[in-house]
Amino acid sequence: MATSNIFVQILDRVRKASDALIAAGILPAGIDFSRVSVEPPRDPAHGDMATNAAMVLAREAGRKPRELAEALAEQLRTGDLIGKVEIAGPGFINLTLNPAAWIAALRTAVQLGPRYGKSDLGGGVRVNVEYVSANPTGPMHIGHCRGAVFGDALANLLDFTGHKVTREYYVNDAGAQVDQLARSAFLRYREALGEDIGEIPEGLYPGEYLKPVGEALAAKLGNALLMQPEAEWLPLVRAKAIETMMATVRADLAGLNVKHDLFSSERDLVEGNIDRVAESIKWLRALGCVYEGRLPPPKGAPVEDWEDREQTLFRSTAFGDDVDRPLRKSDGSYTYFAADIAYHRGKIERGFRTLIDVWGADHGGYIKRMKAAVQALSDGEAELDVKLIQLVRLLRAGEPVKMSKRAGEFVTLREVVDEVGRDAVRFMMLFRKNDAVLDFDLAKVIEQSRDNPVFYVQYGHARGQSVFRNARAAFPDLPADFADPAVLAEASLDRLSDPAELSLIRQIALYPRVIEAAAAAHEPHRIAFYLFDLASQFHAFWTLGNSAPHLRFIIQNDRQMTVARLVLVQALVTVLASGLALLGVEAPNEMR
RNA sequence: GCGCUCGUAGCUCAGCCGGAUAGAGCAUCAGACUUCGAAUCUGAGGGUCGGGGGUUCGAAUCCCUCCGAGCGCGCCA
C-alpha cells in the first residue's frame, strides 16, 4: 500500500537528497537517518513543512548545519512537488509545496474514501488488546466505560493501521469477589422465597440488580437450596449469578458498540483440564523465576494481620520491580497475580508479541510486576504496554452527581447512554488523554454549541452533507459519485487556490499523519482533537462565504467552481466520517 | 517512607516519542446573519509551561532535585 501520508512522501524526497549528497561525498555512507523528520511548522510563515535533516545529520557529517542545509536545499529544489526551499534559524529547511502537490493530496483523499489514512504501519503484526475486564459483580458504571471506549477505539485504530488485532475481555470469575456475589445472590434467593433478609451485610453486594437472579433461582429450584450447606449451593448460585452479570455486561457493551473477539475466563485457567496457573508457576520455577522465600513487611500504612511466613514468590525484581510478588495466598489458593500470569502466558502462547492492557488508574501499582511477568514468560520477546485510564467525574451542569457505592447506588453506564446517547459518551471519553481525569457533564454533552465538541464535529459532517443536498438542487446534473476517478480527473481542482481553501486541504492532508502518530503512541484521543480542529477550519471557511460570496461552495453561474468545491467538501466529510468511525461515533447527515 | 500518573492562560485542556515567537475552547470585551444551516464565524486582552539545576545547536517535552495533587504499597481484583 503506497502511503497517503504526504509528509512521508516528502521525507522520502529528503532521503533521496541525502543519498545524492552521499554519492557526492558530502555525507558519509550509512549515515543514521532515523532522527530526521518532516513536520508541519507551528508558524505558517515557515512554509508547509520543515525538516530538521541538516541539524540532525550535521554532527555525524562533520559539517555545519547551515552549510549542509544549503547542499540539501539545492537537491530538494529539483522535482515538481516542492515549490520553495528556504533555510532558516539554526538549519531548518523550510519547504513550500506547489499547489499541485496539495491538490494531488486532496484527490488522493477523495479517491481513497474510507481507505484514506489507512496504512500498513503495523506490517500485519498481531496485537492483543485487553480492555474492560470488569468484574462480573454488577452492571457497568461510568468508570468502566472510559476504558471500554478507549480500548475499542485503540483496537479500531490499530486495525486501521495494519495490525492484526484481537480484542479480549478477561472475566474475573474466580476468587473471593465472585463468592461474595454468590452469597449476595443467595440472600436475594431467600428473599424471593418470601423471607425477610433485612439489610445486606457489609462486604456483600447490596444492589437490586441481583434480585432477578434470586427470583430465577427460586422459580427454578424452589426451596431446594435452603437445606444445603454453603459449599454445595455456592458454586451453583455463583455460576448463575456470573452468567447473569456477564449477560448484563455484554448488553451494556453492545449499547456502547464496544466489541470483543474473545472473553477469557479466569476460572477456566484453574478448572479446565489442566491447571494452567500451576503449570505456569512450574514453568517459571524451572527458569529460576519462582522460589520459596520471605518478604519484608510492607511500608507505609501498617498491615494489621501481617505475619512473616515463607511463601511462593515471583522474582519480579529481576525485571525491574521493587519487590518480589507472592503467587499464593495463605490459604493455599492462587493470588490474582498468579492467575494473570497464566492468562498472559496464554496470550504469548497464542503467538502475540505485542500486548496492550487497558486498566483503571488504581491498578497502576501492578504494572511493573505484570511487565516483569511478560518479560519472563516470553524470554524478553513480548512487549506489554499498559494504558492506565483515569477516573471519570460525573457532573450535571457543573455539579457532581451523587453516588453511594456502599448503598449500591451508582449511575450505571446504561443510564448514561440512555440519557445522552452513545455518540456523546464515546466521543467525550476520547476527548481527553487517557491518563488525565475527565469531567463528564451530562448537561453539557447534549448542548448544541461549540462548547460541546461532539456536536461541533458531527455538525461539521452534517453541514458538509447539506452542501451536497443544496448543490444537487442547484445543479441537477451533478456527478453521482465525486470519488469516481473520472470525475476527479475532469474536475478543475486547480481552481481551489484561495489561502483558506489550501489551508483546509492541508488539514485534510494531515489526517494520515495523525492516524499513524496516534497508532504508534496508542493514543486514540489524538484523532478526536484532530477532528475538532478540522471541523473548526471547515466552519471558519463556511463563514467566509457570508461576506465573500465567491468563496461559497455553490456558485450558481459557475458549475466548474462548484464541482471543485464539492470535491473539497467530499474530502472533508470523508475524513470526518473516517475519524468518527475509528472512534465509534456516528457521522450524521443532518442534525435536525 | 517507596513507587506510579500528573502540575501548561482566570477555568477546562491540547502540544505530534527534543524544534523556530507555547496553542484551542470557556469566560471577558468588541464585531459579523435579505447566509450554501449564525446550531457558525472574526478580532482583542490574558503565560517566569509548579520552583531550581543539568544534557543539547535547541527543552513544556529527556535527566536530577525540591514543592504540590491523585493513585498504589503480601494473602482484594
Side-chain angles (χ1 to χ4, degrees), chain A residues 35 37 39-43 45-46 50 52 55 58-59 64-65 88-92 94 133-135 137 172 174-178 266 295-301 303 305-307 309 311 313 321-333 335-337 339-340 360-368 388 390-391 431-433 435-437 439 447-453 455-456 459 462-463 466-467 469-471 473-474 510 513-514 516-518 520-521 523 525-526 529-530 532-533 536 539-547 549 552-556 562 565 569 590-592:
Chain A
R35 289 181 55 226
S37 66
E39 43 196 80
R42 226 188 321 252
D43 187 345
H46 294 143
N52 60 356
M55 291 178 292
R59 176 178 289 235
K64 289 180 181 156
F92 284 103
N94 292 333
S133 298
N135 295 339
T137 53
N172 301 137
Q177 291 190 357
V178 284
E266 179 185 0
L295 283 179
K299 303 274 200 270
V303 179
D305 54 350
W306 165 261
E307 62 167 313
R309 66 176 183 91
Q311 54 189 336
L313 296 169
D321 200 359
D322 310 307
V323 290
D324 292 337
R325 305 292 178 175
L327 299 174
R328 279 180 187 280
K329 306 177 195 171
S330 55
D331 67 359
S333 64
T335 59
Y336 178 80
F337 179 48
D340 220 357
D362 54 340
H363 291 54
Y366 199 76
I367 295 178
K368 281 187 181 179
L388 289 185
Q390 260 295 358
L391 129 150
F431 201 61
R432 183 109 324 164
K433 238 177 350 190
D435 53 14
V437 178
D439 287 344
E447 246 175 51
Q448 298 204 334
S449 74
R450 175 158 203 175
D451 206 12
N452 176 10
F455 167 77
Y456 188 75
Y459 177 44
R463 224 181 187 187
S466 86
V467 175
R469 289 192 291 270
N470 290 315
L510 204 55
R513 179 185 159 84
V514 170
E516 288 182 9
E523 291 184 347
H525 77 271
R526 294 188 191 192
F529 281 97
Y530 165 81
F532 185 80
D533 288 343
S536 172
H539 289 310
F541 182 69
W542 181 293
T543 306
L544 281 181
N546 287 347
S547 49
R552 292 181 190 177
F553 296 103
I554 299 164
I555 312 289
Q556 295 295 344
T562 302
R565 293 252 163 84
V569 178
E590 53 184 351
M591 300 298 283
R592 294 175 206 282

Open item on the list: Could you tell me how far B:G43 sits from B:G54 if I compare only their P atoms? Round to whole Å.
Closed with: 40 Å
Look for any protein N or O under 3.5 Å of an N or O in nucleotides 26-32 of chain B and output each such pair with its distance, or none.
none

Open item on the list: Any heavy-atom pair between the side chains of A:R450 and A:H539 that's under 4.5 Å?
Closed with: no
Task: Sugar-phosphate only, base, or nothing, as touched by A:Q390 at under 4.0 Å among non-hydrogen atoms - done: nothing
Open item on the list: Looking at A:Y459, I'd like to know whether one of its side-chain N or O atoms comes within less than 4.0 Å of OP1 or OP2 on B:C41.
Closed with: no
Open item on the list: Taking only the C1' atom of each, what is the distance from B:G3 to B:A27 in whole angstrom?
Closed with: 39 Å
TODO: Find which nucleotide of RNA chain B each of A:G545 and A:E266 is nearest to by heavy atoms, and output the residue with the more 5' nucleotide.
DONE: A:G545
TODO: Quote, to the nearest angstrom, the P distance that separates B:G19 from B:A59.
DONE: 11 Å
What nitrogen or oxygen pairs link the protein and nucleotides 14-19 of chain B at under 3.5 Å?
unit_1	atom_1	unit_2	atom_2	d
B:A14	OP1	A:K433	N	3.0
B:G15	OP1	A:H525	NE2	3.0
B:C16	O2'	A:R526	NH1	3.3
B:C16	O2	A:R513	NH2	3.3

- [ ] For A:V323, answer base if it contacts any base atom (sugar-phosphate contacts may also be present), sugar-phosphate if it contacts only those atoms, and nothing otherwise; contact means non-hydrogen atoms under 4.0 Å.
- [x] nothing
TODO: Sticking with atom P, work out how far B:G68 lies from B:G50, rounded to a whole angstrom.
DONE: 16 Å
Open item on the list: Can you check the distance between B:C36 and B:U28, where both ends of the measurement are the P atom (answer in whole Å)?
Closed with: 31 Å
Open item on the list: Using the six-membered base ring of B:A20, report whether A:H46 stacks on it, requiring centroids under 5.5 Å and planes under 30° apart.
Closed with: yes
- [ ] Provide the distance between the two C1' atoms, one in B:A14 and one in B:C26, to the nearest whole Å.
- [x] 14 Å
Open item on the list: In terms of relative ring orientation, are A:Y366 and A:Y336 parallel, tilted or perpendicular, with 30° and 60° separating the classes?
Closed with: tilted
Task: Minimum heavy-atom distance between A:P326 and A:L295, given as atom pair plus value - done: CD-CD1, 4.0 Å
- [ ] Starting from the 5' end of RNA chain B, give me the residue, A:R469 or A:A50, whose nearest nucleotide shows up first.
- [x] A:A50
Open item on the list: What's A:F337 touching, base or sugar-phosphate or nothing? Going by heavy atoms closer than 4.0 Å.
Closed with: nothing
TODO: Would you indicate what A:R463 reaches in the nucleic acid, counting non-hydrogen atoms under 4.0 angstrom: base, sugar-phosphate, or nothing?
DONE: sugar-phosphate
Open item on the list: Quick check for you: among B:C75, B:A77, B:G37, whose closest atom lies nearest to any side-chain atom of A:S330?
Closed with: B:C75
TODO: Identify whether any heavy atom of A:A58 sits under 4.0 Å from a base atom; if not, whether one sits that close to sugar-phosphate; answer base, sugar-phosphate or nothing.
DONE: nothing
TODO: Looking only at non-hydrogen atoms, find the nearest pair between A:R469 and A:A462 and report the distance.
DONE: NH2-O, 4.1 Å
Open item on the list: When the P atoms of B:G18 and B:C11 are compared, how many Å lie between them, rounded to an integer?
Closed with: 30 Å
TODO: Return the set of residues passing salt bridge (Lys or Arg N to Asp or Glu O under 4.0 Å) with A:E516 (not counting sequence neighbours), or none when no residue passes.
DONE: none
Open item on the list: Please find the pair of heavy atoms, one from A:K433 and one from A:H525, that lie closest to each other, and give the distance.
Closed with: CG-CE1, 3.2 Å
Open item on the list: Below the 4.0 Å mark, does B:C75 have OP1 or OP2 next to a side-chain nitrogen or oxygen of A:T335?
Closed with: no
TODO: Could you check which of B:C57, B:A77, B:C36 has an atom nearest any side-chain atom of A:R59?
DONE: B:C57
Open item on the list: Using a 4.0 Å heavy-atom cut-off, does A:E447 contact any base of the nucleic acid, only the sugar-phosphate backbone, or nothing at all?
Closed with: nothing
TODO: For A:D533, check side chain to side chain contact (heavy atoms under 4.5 Å, CB included) against everything at least two apart and list the hits.
DONE: A:Q507
Task: Touch class at under 4.0 angstrom, heavy-atom based, for A:Y530 against every strand present - done: nothing
Task: Donor on one side chain, acceptor on other, A:T335 and A:R325, under 3.5 Å - done: no
- [ ] With sequence neighbours excluded, tell me which residues meet ring-ring contact (aromatic ring centres under 6.0 Å, His included) with A:F92.
- [x] none
Open item on the list: So that I can compare with my own list, what are the stems of RNA chain B, taken as at least three consecutive Watson-Crick or G-U pairs with distances under 3.5 Å?
Closed with: B:1-7 with B:67-73, B:10-13 with B:23-26, B:28-32 with B:40-44, B:50-54 with B:62-66
TODO: Report yes if some heavy atom in the side chain of A:R463 is under 4.5 Å from a heavy atom in the side chain of A:M591; otherwise report no.
DONE: no
TODO: Check every strand shown and say whether A:A88 touches a base, only sugar-phosphate, or nothing at a heavy-atom separation below 4.0 Å.
DONE: base
Open item on the list: Applying a 4.0 Å non-hydrogen cut-off, can you work out what A:N94 is touching in the nucleic acid: base, sugar-phosphate, or nothing?
Closed with: base
Open item on the list: If I pick the P atom on B:A77 and the same atom on B:C66, what distance separates them, to the nearest angstrom?
Closed with: 36 Å
Task: Side-chain heavy-atom pair A:T562, A:Q556 within 4.5 angstrom cut-off - done: no
Open item on the list: Looking only at side-chain N and O atoms, does A:D435 offer a donor or acceptor that is under 3.5 Å from a partner on A:Q390?
Closed with: no
TODO: State the CD1-CG distance between A:I554 and A:N470, to the nearest 0.5 angstrom.
DONE: 5.0 Å
